[in-house]
Structure formats: C-alpha cells, structure tokens
2 protein chains.
Amino acid sequence: MAVPSQKHDVFQAIADPTRRQVLKLLGEQEMPVTVISGHFPMSRTAVSKHLRILADAGLVKERKVGRETRYRLDAEPLMELKRWLAYYERYWENKLNVLKRFVEADDGKSLFAGLEPVDPETKE
Amino acid sequence: MAVPSQKHDVFQAIADPTRRQVLKLLGEQEMPVTVISGHFPMSRTAVSKHLRILADAGLVKERKVGRETRYRLDAEPLMELKRWLAYYERYWENKLNVLKRFVEADDGKSLFAGLEPVDPETKE
DNA sequence: CTGTTATGAAACTAAAAGGTTTCATATCGA
DNA sequence: TCGATATGAAACCTTTTAGTTTCATAACAG
C-alpha cells in the first residue's frame, strides 16, 4: 500500500532527458497529453509512454476531465533521491574531504597518515 | 576540456542499482576491479563496464598501481544532480505548495484563485 | 445519430543496456 | 625466462528502451 508496486523507480524515471523536461513542464501547470507532446519532437503516443513511466515512479498524477486526462507533477518521490544524495554530500563539502574520510574510516587512529598521497597500497 | 566529452551523464550513471552500490562501496575506500566485483553476483568484466560508465560520468577516478587499477569515488558530478533537485524542493517544502506555486507563477495577480479545486479547465 | 477529438493499447522496430565468454597484454614473483 | 595474476577489449547474446504506426473506445458538439 505504501509502495504502489512500482515497476519503475525514481532513478530510472529521471534518467531520460525527455522525462526530465516533462517534469519541468508539469511543474508549471497541469496539462493533457496532447498539449505536453506539443513541446516535443515525437509522437503523442511516445510522450504518453513517458508519462506512464513517470506515473509508475509516482512522479506524476493523472486526473480525468471529460475526455481528456490531465497530468500534474508530484515531486514527493524525489525525496528518495534527496536522501540518497545526502549521503554523498560529505564528499564534496570542502577541501577537508580527505581528512574527514580518513578520520571517519579510521576512527582517529594514526591521524596523520593519508593526508599526503600516501596510498594504502603500501599495506604490507 | 571542462566537460570530458561524456558519453554518459550523471542521471544515466546512477540509474542502475549496481552502479549505485559500486559508488557506495568506493566511498569507503579505493579498490581494484577484482575486489569490487567480489561484492557482486556478476562477472568482473561486467563490473568493469559499469566502472567505465561511472568514469565516463566523472563519478569515479582511476589510478594505476602496478598491474592493478584502483578506483575511487569522485562525488563532484553529483552536484549537478543536487542543483537539478533543488529546483523541485519548493514543491514538497510544506503544505503551502499550492499557494506558493500559484503566487510564483502568477506574480501576485488574482491572489485567491487556484486555492480551491478551481481548475484551469474552466478557461472559456 | 454522426463526425470529430483525446487517449491508451497493441504490435512492431531499431538501438542501447547489461551480461557472458574468450583473448591479448602487462606486471609480478621466483 | 616462465607461470600466475589483473585487467581491458572484442565479439556475441538477450532484454529493455524509446519510438512509430495503426486501431478501438469514450466523450463532445451539432
């Protein structure tokens, strides 16, 4: 119930440039497939498929209005991406990367190794 | 020169679960292909290909040490992802989403439309 | 009712992705 | 020098992906 069976995950969904553009477009405003596909050099059916993939990942929601289906952005699943990304932030935070990684990995023992191009390959 | 020709971009690179695991593994420590592939249920060659894709996206760096090649994480390209993601943060920040989007899009005119299920389909 | 519009499903295609196995090359160790 | 180790390149295979075209269905407008 929490995870709607998801054939496609967020990482996969945003891997395609077209789909990223679609997301951006739908951020502005809800719109039907025909309008969306007007922004792309491909058939409406192709865009429709992209929309299904996005919907699968939970990134867009659909709403029927008469004979048309309106699509809109749901950014919530991007939080997973954000969390994933957060893990790596420490690696680029600043010039202290090397030191920080070293300290965290080594728990403070041998504090001064690894600050030079010392290379763990000298391990024996 | 700035952009190293990149056949693969970051979005594509992290789309594959195996590659995400490789990244995580390499965050801990630099290591050669043989060691890396020991963590995966596939051939060394397959892992090697994943590494080339990651390297293509700039996410890993290689260093030759004798007969082996050591790979290590370079998280820098993930900043592009972070920037991309930042755009969407406003959509999940809090319950004021609807209001915020409306205000930003409309530049303050007609402040009270759109707060109800008003639906732009009533456009004529 | 009739024709037009909006859309998804189906069938098909070409190219890319993710693997495998085999082979060539370079470095190590003795 | 010789055999073992580490690795990338090549050729090949299978499944997915991104598109296309065609078709059926549902809702609208007269």
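Note that the structure is a prediction, hence the values are computed from the model and not measured.
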- Message: Whole angstroms only, please: what is the NZ-C1' distance between B:K64 and D:dT5?
- Response: 13 Å
- For B:R52, which contact category applies under a 4.0 Å heavy-atom criterion: base, sugar-phosphate, or nothing? sugar-phosphate
- Task: Using atom CD1 of B:I53 as one end and atom P of D:dA9 as the other, report the distance to the nearest whole Å.
- Result: 13 Å
- Whole-Å distance between C:dG8 P and A:E62 CD? 7 Å
- note: A:L51, atom CG; C:dA6, atom C1'; distance rounded to Å ~ 14 Å
- Please tell me which of B:Y71 and A:G66 maps to the more 5' nucleotide of DNA chain D, matching each residue to the nucleotide holding its nearest heavy atom. B:Y71
- Item | Distance below 4.0 Å between A:R70 side-chain N/O and C:dA6 OP1 or OP2 | no
- Verdict with supporting geometry, B:Q21 and B:K24, side chain to side chain contact (heavy atoms under 4.5 Å, CB included): CA-CA 5 Å; B:Q21 286 182 56; B:K24 187 157 191 183; 5.6 Å; no
- Query: Nearest to the side chain of A:T34 - C:dG19, C:dG8, C:dA6?
  - Reply: C:dA6
- Given D:dG19, is OP1 or OP2 found less than 4.0 Å from the side-chain N or O atoms of A:H50? yes
- Message: Looking only at the side chain of A:R67 (C-beta and beyond, no hydrogens), which of the listed nucleotides D:dG19, D:dA27, C:dC28 gets closest?
- Response: D:dA27
- Please determine if a side-chain N or O atom of A:Q12 lies less than 4.0 Å away from the OP1 or OP2 oxygen of D:dT17. yes
- Let me know the distance between CE of A:M31 and P of C:dA6, rounded to the nearest Å. 15 Å
- Note on the structure: Scanning both residues in full, the closest heavy-atom pair of B:E28 with A:Y91 reads N-OH, 4.2 Å
- Minimal non-hydrogen separation, B:E80 against B:F11, with atom names: OE2-CE1, 3.8 Å
- Query: Does a side-chain N-to-carboxylate-O contact under 4.0 Å join B:E30 and B:K61?
  - Reply: no
- Query: Is it true that A:E89 and B:K82 make a salt bridge, defined as a side-chain N closer than 4.0 Å to a carboxylate O?
  - Reply: yes
- Base, sugar-phosphate, or nothing for A:S43, non-hydrogen atoms under 4.0 angstrom? base
- Item | Close side-chain approach of A:L23 to A:V60, heavy-atom, < 4.5 Å | yes
- Message: Among D:dC28, C:dG18, D:dT20, which nucleotide has an atom closest to any side-chain atom of A:T45?
- Response: D:dT20
- Task: Measure from CG on B:D56 to C1' on C:dA17 and round the result to the nearest Å.
- Result: 14 Å
- Item | Minimum-distance nucleotide to B:H8 side chain [options: D:dA27, C:dA17, C:dG18] | C:dA17
- Message: By the 4.0 Å heavy-atom rule, please label A:F40 as base, sugar-phosphate, or nothing.
- Response: nothing
- Message: Let's go through B:H50 and B:M42 carefully: what are the C-alpha distance in whole Å and the side-chain angles of both, what is the deciding distance for side chain to side chain contact (heavy atoms under 4.5 Å, CB included) to 0.1 Å, and is it a yes or a no?
- Response: CA-CA 11 Å; B:H50 282 303; B:M42 66 185 71; 4.1 Å; yes
- Indicate the atoms forming the closest heavy-atom contact of A:Q12 with B:A15, along with that distance. CA-CB, 4.4 Å
- Message: Which nucleotide wins on minimum distance to the side chain of A:P32, given the candidates D:dT7, D:dA9, C:dT7?
- Response: C:dT7
- Message: Can you tell me which nucleotide in D:dA18, C:dT20, D:dA6 comes closest to the side chain of B:E68?
- Response: D:dA6
- Can you check whether B:R44 has a side-chain N or O nearer than 4.0 Å to OP1 or OP2 of C:dT21? no
- For B:S48 and D:dT7, is the shortest distance between a side-chain N/O and OP1 or OP2 below 4.0 Å? no
- Angle by which the axis turns from one end of the helix from C:dC1-D:dG30 to C:dA30-D:dT1 to the other, five pairs per end, to 10 degrees: 30°
- Query: Hey, is the side chain of A:K49 pairing donor to acceptor with the base of D:dG19 inside 3.5 Å?
  - Reply: yes
